[in-house]
Amino acid sequence: MCAEPIYPEVVLSSAPGKVILSGEHAVVHFKTAIAVSVDLRTFVSIHVEPFAGLGEATIALDMPDVRLDSALLSCAKIAALGPGLPSDAEAACSPLEMTDHTREAFDAASKAFVENPASLSLASVDAKQSSTPLPQSALALTGFLFLVRHLLVDKLTELGLLANVSVHSTLPIGAGLGSSASYATALSAALLKWRVLLAAPDTPAKWFHSAAFRDLVNQWSFRAEQLIHGTPSGVDNFVSTFGGTVAFRRGEAPVSMPPLPAFLRFIVTNTRVPRSTRALVEKVASNLAEFPTVVGPVLDAIQGISDAYVELLAPLGPTGGADLDHPAMCAFLAKFAKLMTINNHLLSSVGVGHASIDRVADIAGSLGQCATKLTGAGGGGCVISLVPEPVAPDTQAQVAAVVDAVSTGLREAGFAPFETRLGGPGVLFYDLADDLPGAGPEDDPHALRSAMHAACSDHKFWVEIE
Ligand SMILES: Nc1ncnc2c1ncn2[C@@H]1O[C@H](COP(=O)(O)OP(=O)(O)OP(=O)(O)O)[C@@H](O)[C@H]1O
Ligand SMILES: C[C@@](O)(CCO)CC(=O)[O-]
């Protein structure tokens, strides 16, 4: 029961992307991945108000990154896609298992919407989109419809509400840095928070920062990833939810790793070659099924690389190796680099390499002696290059010179190199007044949307190397 109306009101959440240091693809087949959060985030705001003139419970959706703007979706049409949670389910409850039937229903609905927005829009509005949505909008919408169907639609209908949902990201989309998990996680967090607030407005704020709440966010985000990715391992949504560095193996409790050493500096390069994680995961699975005695040992070797990273990182302790002397740092980096190069070749051998990745490796190797490997699903997307430690311990200027030379070479070849911090927090909720200047009063969704858009288009958290 909602004792006091708490709207109009805004919930603003964000969740980070990730870089996989080792174990992508192998992790889908129960090997260990080592992954770390990246300081590029997806932001989701949900503003709820009475539906007033619209006449029925509605979701107004704005996802400019996939050019889906100002869709007015009918809650009744979304509810018809499938049953929601049982009516006696607690406000903060786990998702049900994903079934083929659910997948098909939400997939079909999002495809139908992209072809004909009227299929899900309010009957009373002109459903045309002002620009043509990008093809990526279909998968984004599949995950979105699934999450809102289960977490929000019933409450909006019961209470006669309109929810304005807006999504913006500073991540490159579909490029290996976990944009889909960060989208699914930030969205799950904001929806779950609203669901709890609408059912139990007195819920203490500390619940939304608890490990138990994050665990729920992670579970819902994984369900959305199942719709976007097909067969995700769960590593991306885990890192997006909890942040930091983690050793992750399906079916086992993830192990938190010490922070990465500050001397471990990566140039992250977007090859700008688009690819689909879903298709690449299917390709590795099909190669494994066809040649189990060939591809299986490659995945075992990748497990060996992840084990070697755990051995390298675990002794660093909570200071992240701040007390290592220069020879120890050089030895650490040399091992780290060799494993990256081997890993990249292994990933190419199972079918997820690309000429653009080899080209980045050549440039970063010849101009800066950097080791390079793909990160995420591969097939293009983003790659990471490790900046080596100079032989003499006069590091700062020499490291800067290497970063400069490599980035210039990469940019001249048409790639987009950038630097970003690694290991930051997972899901965050914001206080609008403090955290998003210009967001305006809480009852103005338009000011909020513009402030989020401005923050993201400035790439506040993404520093492209000039
Ligand atoms: N900001 C966003 N707005 C809407 N949809 C998004 C956004 N970010 C990601 N998506 C959805 O996620 C999909 C990208 O998922 P995909 O798994 O292919 O790439 P990725 O997550 O960036 O890479 P990887 O899984 O290799 O780390 C997009 O096609 C889109 O459907
Ligand atoms: C390719 C993959 O291993 C990582 C994608 O970021 C897929 C997954 O783990 O779900």
Side-chain angles (χ1 to χ4, degrees), residues 14-38 40-44 61-69 71 107 110 114 133-145 147 165-187 221-222 224-240 248-250 268 270-271 273-285 299 302 306 347 350-352 374-384 452-453 456-457:
S14 81
K18 59 86 214 359
V19 166
I20 296 189
L21 299 177
S22 146
E24 48 275 270
H25 289 290
V27 68
V28 175
H29 305 282
F30 297 89
K31 310 295 179 199
T32 305
I34 314 288
V36 57
S37 56
V38 60
L40 300 167
R41 307 180 72 88
T42 301
F43 296 81
V44 170
L61 174 61
D62 200 34
M63 290 201 290
D65 299 332
V66 291
R67 276 203 232 131
L68 211 162
D69 33 60
D107 241 357
S110 71
V114 174
L134 295 179
Q136 292 94 321
S137 64
L139 281 180
L141 199 60
T142 306
F144 179 84
L145 291 172
L147 290 175
V165 183
S166 199
V167 180
H168 293 264
S169 191
T170 58
L171 280 154
I173 292 176
L177 298 187
S179 70
S180 65
S182 108
Y183 159 69
T185 304
L187 185 59
S221 166
F222 180 67
E225 278 278 84
Q226 286 183 304
L227 291 169
I228 298 174
H229 260 205
T231 50
S233 63
V235 64
D236 289 8
N237 51 280
F238 185 88
V239 174
S240 190
F248 181 99
R249 192 169 182 156
R250 278 176 92 167
V268 183
N270 190 348
T271 62
V273 174
R275 82 297 169 287
S276 147
T277 300
R278 192 176 187 149
L280 288 155
V281 167
E282 281 166 13
K283 184 175 183 187
V284 174
L299 301 183
I302 293 177
S306 292
L347 285 164
V350 295
V352 296
L374 66 85
T375 188
C382 284
V383 301
I384 51 173
M452 275 175 64
H453 191 60
C456 293
S457 9

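Order of appearance sets the numbers: ligands from 1, and atoms from 1 within every ligand.
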Any heavy-atom pair between the side chains of [Y] and [X] that's under 4.5 Å?
X	Y	value
Arg67	Ser137	no
Glu24	Val352	no
Ile302	Leu347	yes
Val167	Phe43	no
Thr375	Leu177	yes
Gln226	Pro232	yes
Arg278	Thr231	no
Phe248	Ile34	no

Per-atom contacts of ligand 1 with [X], taking only distances under 4.0 Å to non-hydrogen atoms:
X	result
Ala377	26 (O)
Gly178	21 (O), 22 (O), 23 (O), 24 (P), 27 (O)
Leu177	27 (O)
Leu139	31 (O)
Val66	4 (C), 5 (N)
Gln136	28 (C), 29 (O), 30 (C), 31 (O)
Ser169	1 (N)
Asp236	25 (O), 27 (O)

Between atom [atom1] of [X] and atom [atom2] of [Y], what is the distance when rounded to the nearest 0.5 Å?
X	Y	atom1	atom2	result
Phe144	Tyr183	CZ	OH	6.5 Å
Leu171	Lys18	CG	NZ	9.5 Å
Lys31	Leu299	NZ	CG	6.5 Å
Leu374	Ile20	CG	CD1	9.5 Å

Legend entry - Per-residue contact class, Glu24 against ligand 1 - non-hydrogen pairs under 4.0 Å: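 Neither; no heavy atom under 4.0 Å.
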Legend entry - Per-residue contact class, Lys18 against ligand 1 - non-hydrogen pairs under 4.0 Å: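 Looking at Lys18 and ligand 1, just side chain atoms fall under 4.0 Å.
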Which heavy atom of the protein is the closest neighbour of [atom], given with residue, atom name and distance?
atom	answer
atom 1 (N) of ligand 1	Asp65 OD2, 2.9 Å
atom 2 (C) of ligand 1	Ile173 CD1, 3.8 Å
atom 18 (O) of ligand 1	Thr277 OG1, 3.2 Å
atom 22 (O) of ligand 1	Ser179 OG, 2.7 Å
atom 5 (N) of ligand 1	Ala140 CB, 3.2 Å
atom 26 (O) of ligand 1	Arg275 NH2, 2.6 Å
atom 19 (O) of ligand 1	Gly174 CA, 3.1 Å
atom 13 (C) of ligand 1	Ser180 CB, 4.0 Å

Inset, instruction - Please report the C-alpha distance between Ser221 and Thr185 in whole Å, then the side-chain angles of each, then the deciding distance to 0.1 Å, and finally whether the side chain to side chain donor-acceptor pair (under 3.5 Å) criterion is met. - result: CA-CA 5 Å; Ser221 166; Thr185 304; 2.8 Å; yes
Inset, instruction - For ligand 1, find out whether one of its N or O atoms is nearer than 3.5 Å to an N or O atom of Val167. - result: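 No; every N/O pair is 3.5 Å or more apart.
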Inset, instruction - Using distance alone, determine whether Ala175 and ligand 1 share an N or O pair under 3.5 Å. - result: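 Right, the criterion is met.
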Inset, instruction - For ligand 2, list the protein residues that place a heavy atom within a distance below 4.0 Å of one of its atoms, sorted by chain and number. - result: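 Lys18, Ile20, Glu24, His25, Val27, Val28, His229, Pro232, Ser233, Val235, Asp236, Val281, Gly376, Ala377.
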Legend entry - Name of the residue among Ser180, Ser179, Pro16 meeting side-chain contact (heavy atoms from CB on, under 4.5 Å) with Ser240: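 For Ser240, the side-chain contact (heavy atoms from CB on, under 4.5 Å) check succeeds only for Pro16.
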Legend entry - Modelled atom types, side-chain donor and acceptor of Ser306 and Thr32, under 3.5 Å: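 Thr32 and Ser306 do not have a side-chain donor-acceptor pair below 3.5 Å.
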Inset, instruction - Output yes when a side-chain donor or acceptor of Lys283 lies under 3.5 Å from a complementary backbone atom of Gly351, and no otherwise. - result: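 Confirmed, Lys283 side chain pairs with Gly351 backbone.
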